[in-house]
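Worth knowing before you read on, the calculation uses all heavy atoms, side chains too, and leaves out hydrogens, waters and symmetry mates.
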Amino acid sequence: MKSVITTLAGSALLAVSLSAAAMDPADQIETRQAGFSYMAWNMGKLKAQVIDGSVEYNQQQVEAAANTIAAIANSGIGALFGPGTDQDIGDVHTRVDPALFENMQDVAQLAGNMGTAANTLAEKAAAGDQSEIRVAFGEVGKTCKACHDKYRLD
């Protein structure tokens, strides 16, 4: 069974890579930015409900936001960092540090850490223990920051 899952995961990654390769660099930049913006919006929903308490806690909303974050983190979004996406293209601007493209092994490790943390967040959100969700939320935030600190320009 494990080999079937591995084969399916590899096939999915290949499909994502091929579809990203078919996109021009400007579309890749815009698509990855949209994905990360959507992830940030969902992080904001969790923060409001579980960290700040500025919005009343709603288990369904928390679980949906955590699942969305995990889905994006595990979507193969890294395929959208293709050749030519390391610089602005016309009106499409990027804040990616070109050093990212020279350190793909490190980037893969950082992305893997994010996927793992996001999966844990989704598990904790499903269980509904707000103190555990807070810890898991913090871990996801740390993985975002780790990549931003290394590979995102101001």
Side-chain angles (χ1 to χ4, degrees), residues 1-52 62-126 132-154:
M1 181 67 171
K2 200 172 204 178
S3 64
V4 171
I5 293 171
T6 303
T7 301
L8 290 173
S11 297
L13 181 57
L14 178 61
V16 168
S17 297
L18 292 174
S19 65
M23 297 174 74
D24 69 48
D27 288 342
Q28 287 184 49
I29 292 169
E30 289 178 328
T31 302
R32 75 180 183 224
Q33 288 174 343
F36 289 130
S37 291
Y38 193 56
M39 183 183 288
W41 181 64
N42 279 280
M43 288 287 286
K45 291 193 294 185
L46 287 175
K47 184 176 184 284
Q49 291 186 41
V50 181
I51 307 299
D52 301 342
V62 167
E63 195 170 345
N67 287 336
T68 299
I69 292 163
I72 295 168
N74 292 289
S75 69
I77 198 166
L80 296 171
F81 288 89
T85 66
D86 59 337
Q87 57 194 342
D88 294 346
I89 302 167
D91 292 340
V92 178
H93 302 286
T94 181
R95 292 188 288 175
V96 68
D97 187 330
L100 176 142
F101 298 89
E102 299 166 11
N103 296 288
M104 293 310 273
Q105 188 171 0
D106 184 44
V107 173
Q109 179 67 46
L110 292 169
N113 294 346
M114 174 180 248
T116 299
N119 291 342
T120 299
L121 176 61
E123 291 169 12
K124 300 303 181 183
E132 288 187 3
I133 296 168
R134 280 196 257 324
V135 171
F137 177 88
E139 292 302 311
V140 171
K142 287 178 188 176
T143 66
C144 295
K145 184 175 178 358
C147 193
H148 288 186
D149 286 351
K150 284 186 168 185
Y151 301 115
R152 186 176 187 189
L153 300 173
D154 291 332

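- The shortest heavy-atom contact between A70 and A122 is CB-CB, 4.1 Å.
- The minimum heavy-atom distance linking G82 with Q28 is given by the pair N-OE1, 3.0 Å.
- Side-chain atoms of V50 and V62, non-hydrogen and from C-beta on, do get closer than 4.5 Å to each other.
- Between T85 and F101, the closest side-chain pair of non-hydrogen atoms falls below 4.5 Å.
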Enumerate, atom names and distances included, each donor-acceptor pair closer than 3.5 Å involving a side-chain atom of residues 33-41, sequence neighbours excluded.
| unit_1 | atom_1 | unit_2 | atom_2 | d |
| --- | --- | --- | --- | --- |
| Q33 | NE2 | H93 | O | 2.7 |
| S37 | OG | Q33 | O | 2.9 |

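- Residue C147 holds its SG atom at 6.0 Å from CG of L100, rounded to the nearest 0.5 Å.
- Looking only at side-chain heavy atoms (C-beta outward), Q49 and I133 stay at 4.5 Å or farther from each other.
- With sequence neighbours excluded, the residues forming a side chain to side chain contact (heavy atoms under 4.5 Å, CB included) with A146 are L110, listed by chain and number.
- Under the rule for a side chain to side chain contact (heavy atoms under 4.5 Å, CB included), V135 has no partner lying at least two apart in sequence or in another chain.
- Residues G141 and M43 approach most closely at N-CE, 4.1 Å, considering heavy atoms.
- Taken to the nearest 0.5 Å, the OG1 atom of T143 stands 11.5 Å off from the CD atom of Q109.
- Identified under the salt bridge (charged side-chain N to carboxylate O under 4.0 Å, His left out) test for residues 80-89, with sequence neighbours left out: none.
- Minimum interatomic distance between I89 and A26 (heavy atoms only, all atoms of both residues): CD1-N, 3.5 Å.
- If you take CD1 on I69 and CG on N42, they are separated by 5.5 Å, rounding to the nearest 0.5 Å.
- In this structure, C144 and M114 have side chains that are in contact, with non-hydrogen atoms separated by less than 4.5 Å.
- Listed by chain and residue number, N119 satisfy the side chain to side chain donor-acceptor pair (under 3.5 Å) test with N74 (two or more places apart in sequence, or in another chain).
- Rounded to the nearest 0.5 angstrom, L46 CG and I51 CD1 are separated by 8.0 Å.
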- Candidate pair Y151 and N103, rule side chain to side chain contact (heavy atoms under 4.5 Å, CB included), full reasoning: CA-CA 9 Å; Y151 301 115; N103 296 288; 3.2 Å; yes
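- Remark: T68 engages no residue in a side chain to side chain donor-acceptor pair (under 3.5 Å) (not counting sequence neighbours).
- Residues satisfying the side chain to side chain contact (heavy atoms under 4.5 Å, CB included) test with T31, not counting sequence neighbours, are M23, L80.
- D106 pairs by the salt bridge (Lys or Arg N to Asp or Glu O under 4.0 Å) definition with K150, not counting sequence neighbours.
- The CD1 atom of I72 lies 15.0 Å from the CZ atom of R32; values are rounded to the nearest 0.5 Å.
- In terms of heavy atoms, A73 sits closest to A118 at CB-CB, 3.8 Å.
- Put simply, the side chain of D24 gets close to the backbone of D27: a donor and an acceptor are under 3.5 Å apart.
- Among pairs with a residue in residues 40-52, those fulfilling salt bridge (charged side-chain N to carboxylate O under 4.0 Å, His left out) read K47-D52, at least two apart in sequence or across chains.
- By the salt bridge (Lys or Arg N to Asp or Glu O under 4.0 Å) test, E123 pairs with no residue at all, sequence neighbours left out.
- For residues 133-148, the set of pairs meeting the salt bridge (charged side-chain N to carboxylate O under 4.0 Å, His left out) definition, not counting sequence neighbours, comprises E139-K142, K145-D149.
- The side chain to side chain contact (heavy atoms under 4.5 Å, CB included) test applied to Q87 returns no partner, not counting sequence neighbours.
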